[in-house]
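Chain letters run A, B, ... following the sequence lines, proteins first and then strands; every chain starts at 1.
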Amino acid sequence: MRLIRNRADARWAPARFNFALFRLPAFMIARRVREQPDPDVVFVIEPNQNPFESYALGAALVVSAAAYAAVLLTPALGTIAAALVSLPLVMVVIQVAFVGFGLLFTALFRREDKRPIMSAFVMTLMFVASLWALSTDSWARYIAVALFTGAALNVVAAAILWICREQVQAVNRARGVPE
Amino acid sequence: MRVWAKRFLVHSVFWRRANRFAALNLPVWMEPVMAAFWAGFFLLVGAGRKGVMRNLSAIKPGASVLTNFIRAYRVFWNFAWAMNDTVRFKEHRTIPDWEFGGREYFEQLVAEPAGAIILTAHMGSYDLGAQLFSEVSGRDVFMVRAPEADPATQKFEAEQTERTGPDALKVEFNTKASDLALELLDAVQSGEIIAVQGDRVTEGLTSVAATLFGQRIEIPAGPFALAMAARVRIYPMFIIRVGRRRYRLETFMPFTVERSGRQRDAALEVAVNAWTTQLESVVAKRWYQWFTFTPFSEDLAA
């Protein structure tokens with residue numbers, strides 16, 4: 001377990017971010033912040049520590065799925081009812097799908113930690129659903145466009161981070177991340 | 001309640017297994033979606049809602065039912081995250097970020113040569129708190145707690161602890177007043193730090209009467225008697241979840257239970273009052289972190 005003690009600026013260490021879209025801004029902020037000694041903090045060096053990243057991705061999943069569900073349900077329920085029903089419906093469907101696919105992956109794969117498989121699978125499903133939304137002339141296609149734009153920006157950010165990988169490592173070290 | 005329905009009670013082994021399943025399968029970025037859903041589920045269908053709302057009516061007198069209903073959601077939201085963080089720690093050794101409150105008392109505790117008692121409450125996650133304590137101080141914590149209400153849950157937890165290896169936290173389950181007493185006295189006198197949850201008493205344990213938010217409550221007498229017998233300090237300490245994967249370890253000024261002559265009960269009363277005053281001030285501020293799903297006072301249950 002890698003811990004950084006007594007340094008408030010460690011919160012911006014790029015190593016604490018997972019997706020390039022979030023790691024790149026962290027890298028840019030971490031380059032500018034000064035060392036901030038603070039005896040009352042302990043930071044963990046572990047990707048996925050940033051709450052904004054996690055909430056943003058979780059919200060993107062729910063909002064896009066609910067939008068697509070609303071479009072699908074509109075012919076049967078009408079616009080308002082479909083909009084009202086879609087969010088709780090999607091929340092339930094996500095739970096059921098998660099358990100179902102989790103059990104399936106448990107049967108198919110030996111590795112105990114199946115989070116990377118599930119993550120890739122859910123993202124693939126999101127992109128397939130977004131491709132469908134793009135092919136419609138509904139309002140949900142704008143959400144699909146936003147999702148694809150985010151994915152494209154993530155690829156660009158990953159490329160920038162790769163080019164600047166030595167500076168990223170230096171910034172991590174400067175923020176207290178051990179080698 | 002029907003037998004099949006009991007399998008889905010909040011303390012049943014079903015939810016522990018489900019939580020472990022989620023820790024092994026759920027991508028980190030999907031955690032907020034799950035926490036939001038299950039907090040809502042337990043708010044709507046769980047028996048715990050009534051207990052939480054009754055407790056809130058004492059903590060926040062004068063608040064409307066709707067306000068406390070929304071507050072109850074916040075309690076379940078935090079509970080879902082705390083459970084999730086604990087299981088993630090056990091399965092993946094992922095610990096959260098920490099901040100300290102009352103650092104000077106924490107350092108005093110760490111430096112205690114003669115052992116000490118940490119008095120804590122059902123807040124945050126003691127597994128995570130103990131791990132941090134161990135990382136920072138190099139000392140382990142000996143936790144005494146009530147056993148799980150469901151024997152199947154108790155068995156499951158014991159199996160998980162055995163499987164995931166030794167933690168910085170050694171847990172002993174206290175079932176009777178006489179159990180563990182000598183063992184704990186010996187441990188604390190030989191320099192161990194013992195943590196006890198002092199906000200709830202289980203059947204069979206010796207309790208003392210106290211007042212919390214103007215309500216009569218019973219709290220465990222054990223930690224106070226132990227501190228008196230071993231002549232060690234009691235440190236009130238609370239583990240508070242302040243955000244996603246971010247916790248606060250709040251340590252308060254220690255107190256002693258000093259017996260003068262035959263005034264044992266008077267010494268106990270002073271110490272119990274010191275504890276309940278501290279507990280009340282923390283719960284009043286951090287009510288959304290107090291994971292007490294039954295009314296804390298019989299007066300509230302009535």
Side-chain angles (χ1 to χ4, degrees), chain A residues 1-6 8 10-11 16 18-19 22 38-63 65 87-88 90-95 98-99 101-106 109 111-123, chain B residues 14 17-18 20-41 44 81 84-85 88-89 91-104 106-107 128-129 131-137 163-164 168 241-251:
Chain A
M1 213 171 319
R2 297 192 300 170
L3 301 176
I4 303 175
R5 295 178 199 171
N6 310 332
R11 78 177 72 242
R16 288 167 42 84
N18 189 12
F19 288 87
F22 299 91
D38 184 347
D40 289 339
V41 294
V42 176
F43 287 105
V44 179
I45 300 306
E46 142 83 22
N48 303 306
Q49 280 299 117
N50 184 263
F52 180 72
E53 178 175 343
S54 173
Y55 286 128
L57 289 169
L61 168 72
V62 172
V63 169
L87 186 62
V90 156
M91 289 295 277
V92 173
V93 168
I94 286 173
Q95 311 303 318
F98 162 67
V99 173
F101 288 116
L103 291 172
L104 179 68
F105 295 156
T106 302
F109 302 103
R111 61 184 288 177
E112 196 166 51
D113 184 3
K114 290 170 283 293
R115 293 176 299 168
I117 300 167
M118 183 69 86
S119 183
F121 180 73
V122 174
M123 287 203 171
Chain B
F14 174 83
R17 290 186 195 282
R20 178 166 185 266
F21 179 81
L24 294 176
N25 289 279
L26 187 70
V28 174
W29 55 274
M30 281 179 74
E31 283 175 357
V33 182
M34 291 293 166
F37 178 84
W38 290 107
F41 177 83
L44 295 175
W81 276 108
N84 182 42
D85 291 338
R88 282 216 187 274
F89 164 67
E91 294 298 330
H92 309 297
R93 297 281 137 182
T94 308
I95 68 165
D97 297 333
W98 285 91
E99 56 186 63
F100 291 91
R103 179 84 185 207
E104 65 275 29
F106 178 82
E107 282 169 0
L128 297 174
Q131 186 63 31
L132 174 82
F133 189 87
S134 172
E135 291 274 348
V136 173
S137 69
R163 187 180 57 78
T164 54
R241 181 181 174 272
V242 290
R244 181 187 169 275
R245 287 197 182 179
R246 188 171 178 83
Y247 286 76
R248 182 176 177 83
L249 195 73
E250 193 99 48
T251 314

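Considering all non-hydrogen atoms of both residues, A:Arg115 and B:Ala23 come closest at CD-O, 3.4 Å. Residues B:Ile95 and A:Gln49 approach most closely at O-OE1, 4.0 Å, considering heavy atoms.
Within 6.0 Å of CZ in A:Phe52 there are 12 or fewer heavy atoms belonging to other residues, nucleotides or ligands.
Highest contact tally toward chain B, considering only A:Val122, A:Asn48, A:Leu61, is held by A:Asn48 [criterion: heavy-atom pairs under 4.5 Å]. The candidate with the highest count of non-hydrogen atom pairs below 4.5 Å against chain B, out of A:Met118, A:Arg5, A:Glu112, is A:Glu112. The greatest number of non-hydrogen atom pairs below 4.5 Å with chain B, out of A:Ala56, A:Gly58, A:Ala8, is found for A:Gly58. No other option in B:Trp29, B:Phe106, B:Phe100 has as many heavy-atom pairs under 4.5 Å with chain A as B:Trp29.
Contact of A:Pro47 with chain B is made through the backbone alone, with heavy-atom distances under 4.5 Å. For A:Leu103, the parts lying under 4.5 angstrom from a heavy atom of chain B are both the backbone and the side chain. With a 4.5 Å cut-off on non-hydrogen atoms, B:Arg248 does not touch chain A at all. With a threshold of 4.5 angstrom between heavy atoms, A:Arg111 does not approach chain B through any atom at all. Only the side chain of A:Val62 has a heavy atom closer than 4.5 Å to any heavy atom of chain B. When heavy atoms are compared at a cutoff of 4.5 Å, A:Phe101 does not approach chain B at all. Residue A:Pro116 does not touch chain B at all, counting heavy-atom pairs closer than 4.5 Å. Heavy-atom distances place no part of A:Asp38 under 4.5 Å from chain B, backbone and side chain included.
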Quiz prompt | Working for salt bridge (charged side-chain N to carboxylate O under 4.0 Å, His left out), residues B:Asp97 and A:Arg11 | solution = CA-CA 9 Å; B:Asp97 297 333; A:Arg11 78 177 72 242; over 6 Å; no

Quiz prompt | Steps toward side-chain contact (heavy atoms from CB on, under 4.5 Å) verdict (A:Gln95, B:Phe41) | solution = CA-CA 12 Å; A:Gln95 311 303 318; B:Phe41 177 83; over 6 Å; no

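Expressed to the nearest 0.5 Å, how far OG1 of A:Thr106 lies from CZ of B:Phe21 amounts to 5.0 Å. Interatomic distance, CG of B:Leu26 versus CZ of A:Phe98, reported as 4.5 Å (0.5 Å rounding).
Legend: salt bridge (charged side-chain N to carboxylate O under 4.0 Å, His left out) pairs involving residues 43-63 of chain A, not counting sequence neighbours, sorted by first then second residue: A:Glu46-B:Arg245.
When atom types are taken as modelled, the side chain of B:Arg244 and the backbone of A:Ser54 share no donor-acceptor pair closer than 3.5 angstrom.
Side-chain atoms of A:Ile94 and B:Met30, non-hydrogen and from C-beta on, do get closer than 4.5 Å to each other.
For the salt bridge (charged side-chain N to carboxylate O under 4.0 Å, His left out) test, no residue two or more places apart in sequence or in another chain qualifies with A:Asp40.
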